[in-house]
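Residue numbers start from 1 in every chain, and the chains themselves are labelled A, B, ... in the order their sequence lines are given, proteins ahead of strands.
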Amino acid sequence: MLKHTEPSHSLLQQPDSRQSFLFSRLQTCKTQQEIKQLHALSLKTGNFNHPSMASRFLAFYADPKINNLDYARSVFEQIQEPKLLSWNIIIKCYIENQRSNDAVALFYELLHELTPDVFTLPCVIKGCARLNAIQEGEQIHGLALKIGFGLDKFVQSSLVSMYSKCGEIDSARKVFDGMGDKDLVSWNSLLDGYSRCGEVELAMELFEQMPDRDSFSCTVLIDGFSKCGRIEKAREIFNRMPDRNLVSWNAMINGYMKSRDFVMARQLFHQMPTKNQITWNSMIAGYEFNGKFMEALEMFEEMLSDGLLPSHVTLLGALSAVSGLAVLSKGKSIHSFMVKNGFELDGVLGTSLIEMYSKCGSIDSAQTVFKTIRQKKLGHWTAIIVGLGMHGMANEALELFSEMCKAGMQPHAITFLGVLNACSHAGLVDTGRYYFNKMIHDYGIEPTIEHYGCLIDILCRAGYLEEAKNMIDSMPMTPNKVIWMSLLSGSRNYGNVNIGEYAAHRLMEVAPNTNGCYVVLSNMYAAYGQWDKVSQVREQMKKRGIKKEPGFSCIEHKGVIHEFVVGDKSHSQTKEIYSKLKEMREKLLSMGHVPDTSQVLLCLEGEKEKEAELENHSERLAIAFGLINVEPGNPIRIIKNLRVCNDCHTVTKLLSDIYNREIIVRDTSRFHHFKNGLCSCKDFW
DNA sequence: GTAGGGTTAG
């Protein structure tokens, strides 16, 4: 960086002697090096602070081609009493670099010195729109009127757009109606407003009233229809577009992804003449959003091998897909890619990484990432608290929660959800009640149905079934499937058939197709020997065509995911796996393990068949695979789509001891760390 | 030499 030294006295007296020379050089020079030399020269010769010189340099550094924001700022800082033009340039530069916060802050600084003009206002209004800062936007609107720029077309259009983006469609309309001279941009701004707030009929009406339309107008409308699920209508407009641009293709892809039409999305993706980063991001995020994690990761790989640089958005999508599949190795490689390419972890990417590591079962790495983030934000604290809770590490989660409060952070609703979830997985009833009340009374946060769900779950797991039932009856919202399921599971665990039946009936009203409901209900009857009721449930399931959701377990090895279902014989290592299973069975037997068949679902009659079913549970196959393939010293990580059954839980504990291996199992809601014959959940799950 | 409108992202 250049040092702005005091110019020598003699040169200062005759600054204009070299000014025209500097001016013409400035016009023709191309490299950053050259401009820096001229900049140095201007400082030496005392021309830097000449009225139009400084802003010329500033404009050069602020130019999108050079785009050295920090340097531009340092140049700006050196200007003595910068003219409005310089302020405008630097504010615009901040907007262009997605630093709207700083742009707005600079604008308020500017107000102490000068009066803004018709160049400043649209720019800073755009910044407010980006920040969703409606209050600042309104303030600046008032200021614009006060200083006499209320009728400037550019100012008005930017206001229409700002109000539209902030969801204040009525205010947008009011400014629009007050415009004397409307052009395409002002029409499009309002059209965007209607599209954004889902008023697509009004948008369509406006579209038809417009004196002119361009590809912007069509794209805005396409996006509006896409977002509210009317993909056919969007397609119609797209088909009629004379000049389809990249953005309209992207908007269509998003629309198809939103309506889960992967075939059409992919078709457009291949058809379009050119793609950009957003196109790829839309495909990746679209797949991820719909739970198509494998496809999302394949797209991500393809994007990289095409030589495109991913953005934050790309990485967010890829990391979420990794979390969904729990492919730790992939997550690690994305993490190192991020470090290598200088992606900051201070923002959502840090949150996403913490989430990824916890969901991949590596809570240690999640904690490491959390510790390395210098400026910890609420999202980071929340992510790690949620992660620790999932891993049954309630004490650590609660400790971090109080540390976070000490650091001056205001926890929000999700943070409390993490805390309550942690309490639930550790069976901390009183602590759970305490935080639930603290949230309401100390932080003024209205509990959502999820918060109630957590607390009710805590009560149910601990056997406080009456209290849970009372809470369900008295809570201000209609109980959902999750809540009735908690009550039902609690009733099964504590043998309360009455409350269990009540919960099951309510559950069937709310969500008649919940297969888990029938399974738990029949397990409950079976556990207490009510076999006639067991067959009734079986009949009901048959009549309604409900089948037990097939369980599967996955294990990743060397970047490949191996999936197993009950009694699976399709794997290439089947022979080895089954002989390992035999060995496991013998070792378990010699430890005196007696299979617990109480949770085996009905259709199997004899004890022997039931035991055989347990032995072939998908996670046992996955464990066998892990014992064969995962190098000793490394934990065996398994992902399940169902809850761990009683017998598998006992068996896995024993296996961790017998084979001296750490086994980490992720089920639908949490992690179990099996080690030395014990589980991190302390048998409470 | 400076200004307003569209796509991904919780």
Side-chain angles (χ1 to χ4, degrees), chain A residues 23 26-27 52-63 83-93 95-96 98 116-127 129 149 152-162 164-165 172 175-176 179 182-193 195-196 210 213-224 226-227 234 245-255 257-258 272 275-289 310-320 347-349 351-352 355 379 382-383 414:
Chain A
F23 254 68
L26 202 47
Q27 309 281 21
S52 54
M53 208 65 193
S55 54
R56 284 230 171 201
F57 281 115
L58 188 56
F60 198 89
Y61 289 117
D63 189 286
K83 296 261 175 286
L84 186 56
L85 174 60
S86 296
W87 284 95
N88 288 348
I89 293 170
I90 192 74
I91 289 173
K92 178 198 160 213
C93 195
I95 298 281
E96 265 170 4
Q98 335 295 334
D117 65 5
V118 288
F119 290 96
T120 333
L121 290 168
C123 211
V124 74
I125 291 167
K126 185 180 179 174
F149 295 130
D152 180 83
K153 189 165 71 176
F154 284 77
V155 173
Q156 286 175 312
S157 281
S158 60
L159 283 169
V160 172
S161 175
M162 187 270 295
S164 288
K165 289 202 180 75
V175 176
F176 179 82
M179 286 182 79
K182 300 180 179 80
D183 65 8
L184 191 52
V185 176
S186 18
W187 281 93
N188 280 344
S189 299
L190 186 65
L191 186 69
D192 180 41
S195 259
R196 244 170 231 279
M210 288 170 74
R213 294 167 206 104
D214 64 359
S215 53
F216 264 79
S217 333
C218 297
T219 308
V220 164
L221 207 53
I222 287 174
D223 194 50
S226 286
K227 284 209 171 104
N245 55 10
L246 182 52
V247 183
S248 65
W249 285 89
N250 288 347
M252 282 306 301
I253 288 181
N254 285 321
M257 278 299 188
K258 283 263 140 60
M272 61 201 289
K275 304 172 181 50
N276 64 2
Q277 197 187 49
I278 292 180
T279 318
W280 287 92
N281 291 351
S282 301
M283 291 297 287
I284 295 167
Y287 278 129
E288 191 277 319
F289 174 79
S311 68
H312 285 219
V313 181
T314 327
L315 293 167
L316 286 177
L319 285 172
S320 298
V348 269
L349 275 183
T351 311
S352 198
E355 208 178 291
T382 301
I414 311 288

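The nucleotide whose nearest atom lies closest to any side-chain atom of A:Thr219 is, among B:dG4, B:dG6, B:dA3, B:dG6. Taking the side chain of A:Leu316 as heavy atoms from C-beta on, and the options B:dA3, B:dA9, B:dT8, the nearest nucleotide is B:dA9.
If you measure from atom CE of A:Met283 to atom C1' of B:dA9, you get 17 Å, rounded to the nearest angstrom. Between A:Glu96 atom CD and B:dA3 atom C1' the separation is 11 Å, expressed in whole Å. The nearest whole Å value for the distance from the CD1 atom in A:Ile95 to the P atom in B:dT2 is 16 Å. Rounded to an integer number of Å, the gap from CD of A:Glu355 to P of B:dA9 is 15 Å. With rounding to whole Å, A:Leu319 atom CG is found 15 Å from B:dA9 atom P. Distance CG (A:Asn281) to C1' (B:dT8): 5 Å, rounded to an integer number of Å. We find that CD1 of A:Ile89 is positioned 9 Å from P of B:dA3, with the value rounded to whole Å. What separates CE of A:Met257 from P of B:dA9 is a distance of 11 Å, to the nearest Å.
Looking at every heavy atom in both residues, A:Gly127 comes nearest to A:Ile95 through CA-CD1, 3.5 Å.
Taking side-chain N and O atoms only, A:Lys126 has no distance below 4.0 Å to OP1 or OP2 of B:dG6. The phosphate of B:dT2 (OP1 or OP2) has no side-chain N or O of A:Lys83 nearer than 4.0 angstrom. For A:Arg196, a side-chain nitrogen or oxygen approaches OP1 or OP2 of B:dT7 to under 4.0 Å.
The residue A:Lys275 sits apart from the nucleic acid: no heavy atom pair falls under 4.0 Å. Using a 4.0 Å heavy-atom distance criterion, A:Leu121 is classed as making no nucleic acid contact. If you check every strand for non-hydrogen atoms under 4.0 Å, A:Val220 touches sugar and phosphate atoms only. Within 4.0 Å of A:Lys182, counting heavy atoms only, lies no atom of the nucleic acid at all. Using a 4.0 Å heavy-atom cutoff across all strands shown, A:Asp214 reaches at least one base atom of the nucleic acid.
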>> Using side-chain contact (heavy atoms from CB on, under 4.5 Å), reason through A:Asp117 and A:Asn88 one step at a time and then give a plain yes or no.
In response: CA-CA 9 Å; A:Asp117 65 5; A:Asn88 288 348; 3.3 Å; yes
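Looking only at side-chain heavy atoms (C-beta outward), A:Phe154 and A:Phe119 stay at 4.5 Å or farther from each other. The shortest distance between side-chain heavy atoms of A:Ser157 and A:Met179 falls below 4.5 Å.
A donor N or O paired with an acceptor N or O is not found under 3.5 Å between the base of B:dG6 and the side-chain atoms of A:Asn250. Contact of A:Asp183 with B:dG4 (side chain to base): a donor-acceptor pair of N or O atoms is detected under 3.5 Å. Taking 3.5 Å as the limit, the base of B:dG4 and the side chain of A:Ser157 contain a donor-acceptor pair of atoms between them.
One N or O on the side chain of A:Thr219 and one on the backbone of A:Ser215 form a donor-acceptor pair closer than 3.5 Å.
An aromatic stack links A:Phe154 and the base of B:dA3, using centre distance under 5.5 Å and interplanar angle under 30°.
Exactly one residue among A:Val185, A:Asn245, A:Leu184 makes a side chain to side chain contact (heavy atoms under 4.5 Å, CB included) with A:Asp214. That residue is A:Leu184.
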